[in-house]
Chemist: 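Following this message is one structure expressed as structure tokens.
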Protein chains: 2
Amino acid sequence: MRDTRAALIDAAIATLRESGFAAASARRIAAEADCNQALVFYHFGSVSDLLMAALEEVSGRRMAAYRELLDRTGTLGELIDGARTVFEADLDSGNVTVLAEMISGSHSVPGLGERVSVCLAPWRSFAETAVRDVLASSPFGSLAPAGEIAHGVVAGLLGLEMLAGLDGDRSSALALFDRARALADVLDRIRPLTGLLTLAPPARPAPPAPAARPGALCRPTW
Amino acid sequence: MRDTRAALIDAAIATLRESGFAAASARRIAAEADCNQALVFYHFGSVSDLLMAALEEVSGRRMAAYRELLDRTGTLGELIDGARTVFEADLDSGNVTVLAEMISGSHSVPGLGERVSVCLAPWRSFAETAVRDVLASSPFGSLAPAGEIAHGVVAGLLGLEMLAGLDGDRSSALALFDRARALADVLDRIRPLTGLLTLAPPARPAPPAPAARPGALCRPTW
DNA sequence: GTCTATAGCTGGATAGAC
DNA sequence: GTCTATCCAGCTATAGAC
């Protein structure tokens, strides 16, 4: 029955979100889904496979929702507003908690890391598209390739959500979004200065530089 | 014996780093430390308490190493170089992996979240000090309070390290640091334009704004 | 497709010898 | 402080009735 599969996936998502990877056992998930423990293995083969299915489901839900947002981002400021909306919605729904649990949980199950990594690709390419759109219509396109910035955006959202999930305080993160919004408004206003902002592209700029005590910065003792 | 305590803490760190929270059982840690499983409970009372001791140990090691770095950060560029050094050293040592495992693992153990949160405070205040030093000697001090930026820095490092740990690719993150370094060099050069960059401080700037379809951005359907 | 029952294992935690 | 031995709970996974 298709209902049972779906119920198990929903229960897996709920369990990952509320109790974490370490507590996401077949028994606990089945209880959450009000069905028998053996059905986990009948429908998915193993607990890990069920958890991966849950992650893919979450990934799909996010993609659908994000694509709506993508249509609306024109300026840098709008992109940041979009990111803020995404951030809050993800916190409410627990989607990123599920991702974070799977990322760190994948250290405990051989081979799971690669599968999670594959599942993350659409999120990155979504962010990349959004960033590229904004860069194209702004004078800051030369700052960095969209792929690099997108990696930073995904990492930043992940980190912010983990911290917010830890102590329940989302205001620190929201304040950052508001600052970024204000900064973006300024940047959108100083386009004429573009020439100043063309940077030499890749490659490490210089050796560790201000070597007062040479080598001291290179290999710390921890 | 003090040696056993230390050995167990080291083994707990190694286990968290290599096999994750879900696999960090008393038996496995004791095996890693070449000692008896019952000693975990004799010395620490419970597995969670041992894991917390491990996190505190890691936290302490990082503080010591970071404080050295702090003495050397003067300009924005130097701060970013410092962050880059920290990032690589943490990846090599696995320190942030331990933190990430404990953050997500804390969802599985009642009360653990608060303890991890407390343990995170020094990291944030370290970042805040570093940021404040740089802001004070730059024209961008008015962009945002150091505490807000520090929160973003900690979140960014956490997210970047989780992604790097997932697929073993640290080059995406390093490229970002190099971009940031180049940007910082430019910013250090355009101090005269300071006036342009004074922003209205707190408070959300405006309602969701470009409401082509009003309300569509506010409550996505996932 | 769903259930019960169970094998076989690993987990946290304790008691008690040394 | 360290070890052995042990209790019992919970886990994955499978076999087999329905």
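In what follows, every heavy atom counts, from backbone to side chain, and hydrogens, waters and symmetry copies are set aside.
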Chemist: Between the side chains of R84(A) and E88(A), is the shortest nitrogen-to-carboxylate-oxygen separation below 4.0 Å, so that they form an ion pair?
Modeler: yes

Chemist: Using whole Å, what does the distance between atom C1' of nucleotide dT10(C) and atom CD1 of I29(B) come to?
Modeler: 14 Å

Chemist: Just by protein heavy atoms under 4.0 Å, how would nucleotides 12-18 of chain C read 5' to 3' in B, S and -?
Modeler: BBB----

Chemist: Can you list every pair that meets ring-ring contact (aromatic ring centres under 6.0 Å, His included) and has a residue in residues 5-35 of chain A, with sequence neighbours left out?
Modeler: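 Qualifying pairs, neighbours excluded: none.
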
Chemist: Listing request: all salt bridge (charged side-chain N to carboxylate O under 4.0 Å, His left out) pairs with a residue in residues 15-26 of chain B, at least two apart in sequence or in separate chains.
Modeler: none

Chemist: Tell me, with the steps shown, if R132(A) and E128(A) meet salt bridge (Lys or Arg N to Asp or Glu O under 4.0 Å).
Modeler: CA-CA 6 Å; R132(A) 175 167 296 124; E128(A) 189 172 336; 3.0 Å; yes

Chemist: Tell me the interatomic distance from D34(B), atom CG, to dT2(D), atom P, rounded to whole angstroms.
Modeler: 13 Å

Chemist: Do other residues, nucleotides or ligands put more than 12 heavy atoms under 6.0 Å from the CZ atom of R28(B)?
Modeler: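 Count not over threshold, so no.
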
Chemist: Could you state the NE2-P distance from H43(A) to dA13(D), rounded to the nearest angstrom?
Modeler: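 To the nearest whole Å, that distance equals 16 Å.
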
Chemist: Expressed as a whole number of angstroms, how long is the span from N36(A):CG to dA15(D):P?
Modeler: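 From N36(A) CG to dA15(D) P: 16 Å.
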
Chemist: For A89(A), does its backbone N or O pair with a side-chain atom of S93(A) as donor and acceptor, under 3.5 Å?
Modeler: yes

Chemist: How close or far is atom C1' of dA15(D) from atom CG of L39(A), stated in whole angstroms?
Modeler: 15 Å

